[in-house]
Amino acid sequence: MNLSHHLIDQLRRAMAKLQFPEVPLVLEQPPDPQMGDRSCTVALALAKALKRPPRQLANEILSAFPKDDPLIGRVEIAGAGYLNFFWSLDAYRVTLQQILTEGEGFGSSEIGAGEKRLFEFVSANPTGPMNVVSARAAAVGDSLVRLGKKTGFEANSEYYVNDAGKQIEMLGLSVQARIKQIQGLAAEIPEGGYHGGYVKDLAAQAIAKYPGDPVGASAREMGRWTAQRIVEKQKSALDAYGVHFDRWFYESELHESNRPEETLEKLKQAGHIYEKESALFFRTSQFGDDEDRVVITSDGRPTYFLPDIAYHLDKAERGYAKVIDLWGPDHHGHVQRMLAAMQALGFPDDFLEVLIVQQVNLLRSGQPVKMSKRTGEIVTLEELVEEVGSDATKQIFLSRRWSSHLDFDIEAAKDRSEKSPVFYVQYAHARISSIFRKAGAYQVIQDGDYKKLGAVEERDLLRALSLFPDEVEASALQMAPHRLNAYLSELATIFHKFYHECRVLNEDDAPLTRARLALCRAVQITLKEGLRLLGMSAPEQM
RNA sequence: GCGCCUGUAGCUCAACCGGACAGAGCAUCGGCCUUCUAAGCCGAGGGUUCCGAGUUCAAGUCUCGGCAGGCGUACCA
């Protein structure tokens with residue numbers, strides 16, 4: 001039972017009865033609760049097509065609307081032609097009961113209809129530690145997968161490991177140079193190599209691993225081995241962050257089964273490949289890219305683009321109807337060519353969606369944190385989680401749209417005083433838990449108790465709770481976890497007001513106590529589930 | 001040069017793919033702890049939504065032209 005879905009059904013029936021054209025029916029929240037619980041602008045939208053005044057249309061829809069729906073208290077027409085709906089007390093009672101019986105299942109829906117969706121994110125190169133953008137993408141991607149599952153999609157997460165190609169050799173050469181240095185030999189890290197301190201650590205490990213002659217191993221072999229170590233570190237860092245992937249997909253798997261070659265063959269047969277100056281070009285410019293792209297270099301090596309296409313083909317072959325890639329801002333130049341590739345291979349336009357997770361400016365007490373990629377001096381995901389904590393870190397990332405460039409102040413994020421809004425939602429959950437610790441044995445709400453919930457604060461809470469399924473759905477469909485985050489803050493605010501105004505435990509009024517405890521339980525369930533969808537914990541105590 | 005992202009309160013960000021008087025937090029000022037957690041609550045001030053046109057009954061949101069910042073622009077990934 002979803003109140004909003006029910007209302008939309010009723011509206012659609014009324015519209016059909018009037019033989020109005022079919023238009024998308026969207027419900028909104030009126031700016032002021034006084035105006036109603038949900039509103040619809042369909043009359044405004046239809047005014048133009050039907051060439052009639054919106055208020056008149058609203059009146060007709062209203063007259064065709066069922067008068068005896070027990071869940072709808074009343075309907076009003078306001079302003080230019082808004083239809084404003086008020087839930088009945090019955091609707092609130094039903095919602096509350098529903099939350100108590102469904103528990104964490106509250107807010108789940110089937111709109112995804114089992115569609116298979118793959119979210120690929122982080123996919124940091126196995127040549128060094130992950131940075132803050134990876135931390136941001138991990139928070140967003142993880143939440144999107146959770147939201148997807150919640151709304152009936154078969155959603156999975158995947159991390160693509162670029163463990164092949166030139167960069168791996170370069171990594172091997174860098175480690176070998178460090179090994180020589182450790183052994184007192186003269187050696188320089190090659191041009192374009194990796195300078196970070198972690199390379200030294202890995203070199204030391206490599207000496208232990210290859211006691212005979214570490215430098216004698218091929219650069220590729222050394223690179224592979226090192227990359228594997230780095231991937232293990234990435235896994236454990238993400239683990240500490242609370243982000244798990246359904247699958248780690250290795251580029252080397254693609255090469256082992258000749259997928260890039262097969263892909264190239266497919267492209268050739270479709271006539272998308274031509275040779276120029278002894279390199280092979282993919283005619284991506286015919287599909288919206290600025291220029292054609294090289295897939296095989298003039299010295300015969302595939303560029304990263306080819307295995308990338310093969311990888312996306314593999315995703316499709318595994319049955320995913322839609323794949324969503326979260327990329328960093330440094331890759332936005334590649335979006336067009338990948339979309340072009342998908343189109344050239346005959347996929348629907350919306351098969352691939354690339355979300356560019358924007359950059360993060362790290363600050364410390366207002367001062368930019370200096371970082372150098374070249375020398376490997378960066379703040380890593382690991383350090384960030386270690387210093388700030390995973391919940392606080394995620395809270396900051398998930399309170400903004402992924403597309404906004406954001407400032408992340410480490411000192412502000414660490415602040416645990418009342419100035420910090422980071423733990424606001426969790427605090428509401430902890431407060432409720434505290435009430436239940438004091439309440440003793442939980443008494444189930446009884447039918448007559450509902451009448452006791454008449455205060456504004458109680459009503460506001462019930463209204464807010466009834467919105468949770470809508471917010472979950474909107475957040476999932478719009479791929480906007482920050483919406484859910486904002487909703488939870490709002491719910492927490494309303495709860496804190498309620499807490500301030502309405503004493504829950506009243507020894508002289510058992511029905512009121514039962515009713516308010518039921519309300520608290522419902523809020524607790526909703527907060528906990530909401531936090532889970534954001535990948536955050538719901539502490540019992542703070 | 002070209003492409004992408006961004007521009008909203010002093011600061012950090014929202015605004016439900018065009019809807020009602022643009023909202024929060026922080027900062028500033030003023031109240032509330034002998035009562036279930038003050039990591040909380042209540043109140044005040046604070047806006048030409050970068051600028052200029054256009055589309056629309058309706059524009060922070062869409063289109064075009066500027067301005068500013070960021071990122072990208074490899075036969076590297």
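So you know, we letter chains A, B, ... as the sequences are listed, proteins then strands, and number each from 1. Worth saying up front: this structure is predicted, and the values here are computed from it rather than measured.
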Atom [atom1], compared across [N] and [M]: separation rounded to whole Å:
N     : M     : atom1 : value
B/G18 : B/G31 : P     : 46 Å
B/C26 : B/A14 : C1'   : 14 Å
B/U56 : B/U61 : P     : 16 Å
B/C33 : B/A39 : P     : 15 Å

By side-chain hydrogen bond (donor to acceptor under 3.5 Å, both in side chains) - contacts of [X] (at least two apart):
X      : value
A/S278 : none
A/Q29  : none
A/S365 : none
A/D163 : A/S252

Could you tell me how far apart [X] ([atom1]) and [N] ([atom2]) are, to the nearest whole angstrom?
X      : N     : atom1 : atom2 : value
A/Q478 : B/A15 : CD    : P     : 9 Å
A/E540 : B/U37 : CD    : P     : 13 Å
A/E28  : B/A20 : CD    : P     : 8 Å
A/L363 : B/C26 : CG    : P     : 19 Å
A/E490 : B/C16 : CD    : C1'   : 13 Å
A/K419 : B/C41 : NZ    : C1'   : 19 Å
A/I230 : B/A77 : CD1   : P     : 18 Å
A/L484 : B/A14 : CG    : P     : 15 Å

So, [X] and [Y], do they make that salt bridge, N to O below 4.0 Å?
X      : Y      : value
A/R283 : A/D292 : no
A/K394 : A/D391 : no
A/E387 : A/R364 : yes

| Once the angle between the rings of A/F287 and A/H272 is folded into 0 to 90°, is it parallel (under 30°), tilted (30 to 60°) or perpendicular (over 60°)? | perpendicular
Does [X] reach a base, just sugar-phosphate, or nothing at all? Heavy atoms under 4.0 Å.
X      : answer
A/A486 : nothing
A/S434 : base
A/R401 : sugar-phosphate
A/C520 : nothing
A/A45  : base
A/Q426 : nothing
A/A430 : base
A/S399 : sugar-phosphate
A/L406 : sugar-phosphate
A/D415 : nothing
A/L505 : base
A/Q29  : base
A/S298 : base
A/H482 : sugar-phosphate

[N]: pairing nucleotide in any strand, Watson-Crick or G-U under 3.5 angstrom:
N     : result
B/A53 : B/U63
B/C4  : B/G70
B/G23 : B/C13

| Quick one: does A/Y250's side chain get under 4.5 Å of A/V231's, heavy atoms only? | yes
| query | Quick one: are A/F86 and A/R38 in side-chain contact, heavy atoms under 4.5 Å? | reply | no
Atom pairs under 3.5 Å: protein N/O with N/O of nucleotides 21-24 of chain B:
none

| remark: Regarding the side chain of A/H496, the nearest nucleotide among B/U12, B/G40, B/A39 is B/G40
| message | Measuring from the side chain of A/R431 (C-beta onward, heavy atoms only), which nucleotide among B/C75, B/C41, B/A38 has the closest atom? | response | B/A38
Tabulate below the donor-acceptor pairs under 3.5 Å that side-chain atoms of residues 331-340 of chain A make, not counting sequence neighbours, or state none.
from   : atom 1 : to     : atom 2 : distance (Å)
A/H332 : ND1    : A/P329 : O      : 2.9
A/H334 : ND1    : A/Y304 : OH     : 2.4
A/H334 : ND1    : A/R337 : NH1    : 3.2
A/Q336 : NE2    : A/G288 : O      : 3.4
A/R337 : NH1    : A/Y304 : OH     : 3.1

| Do the side chain of A/S404 and the main chain of A/R400 share a donor and acceptor less than 3.5 angstrom apart? | no
Pick out the pairs of N or O atoms, protein on one side and nucleotides 66-70 of chain B on the other, that lie under 3.5 Å.
from  : atom 1 : to     : atom 2 : distance (Å)
B/G70 : O2'    : A/Q359 : OE1    : 2.2
B/G70 : O2'    : A/Q359 : NE2    : 3.2

| remark: Assigned chi class of B/C29 under the 90° convention is anti
| message | Using the salt bridge (Lys or Arg N to Asp or Glu O under 4.0 Å) criterion, which residues pair with A/E251? Sequence neighbours excluded. | response | none
| request: Let me see the working for A/V23 and A/V42 under side chain to side chain contact (heavy atoms under 4.5 Å, CB included), right down to the final yes or no. | output: CA-CA 8 Å; A/V23 285; A/V42 66; 3.6 Å; yes
For residues 510-523 of chain A, dump all side-chain donor-acceptor pairs below 3.5 Å to protein atoms at least two apart in sequence or in another chain.
from   : atom 1 : to     : atom 2 : distance (Å)
A/T513 : OG1    : A/N506 : N      : 3.0
A/T513 : OG1    : A/N506 : O      : 2.9
A/T513 : OG1    : A/D509 : O      : 2.9
A/R514 : NE     : A/D449 : OD2    : 2.7
A/R514 : NH2    : A/D449 : OD1    : 3.1
A/R516 : NE     : A/E458 : OE2    : 2.6
A/R516 : NH1    : A/R503 : O      : 2.7
A/R516 : NH2    : A/E458 : OE2    : 3.1
A/R521 : NH1    : A/Q524 : OE1    : 2.7

Between the protein and nucleotides 42-47 of chain B, which nitrogen or oxygen pairs are less than 3.5 angstrom apart?
from  : atom 1 : to     : atom 2 : distance (Å)
B/C42 : OP1    : A/K497 : NZ     : 3.1

Every protein N/O lying under 3.5 Å from an N/O of nucleotides 58-64 of chain B:
none

| query | Which residues satisfy the ring-ring contact (aromatic ring centres under 6.0 Å, His included) test with A/F423, sequence neighbours excluded? | reply | none
| query | Ring-on-base stacking between A/Y82 and B/G19, under 5.5 Å between centres and under 30° between planes: is it there? | reply | no
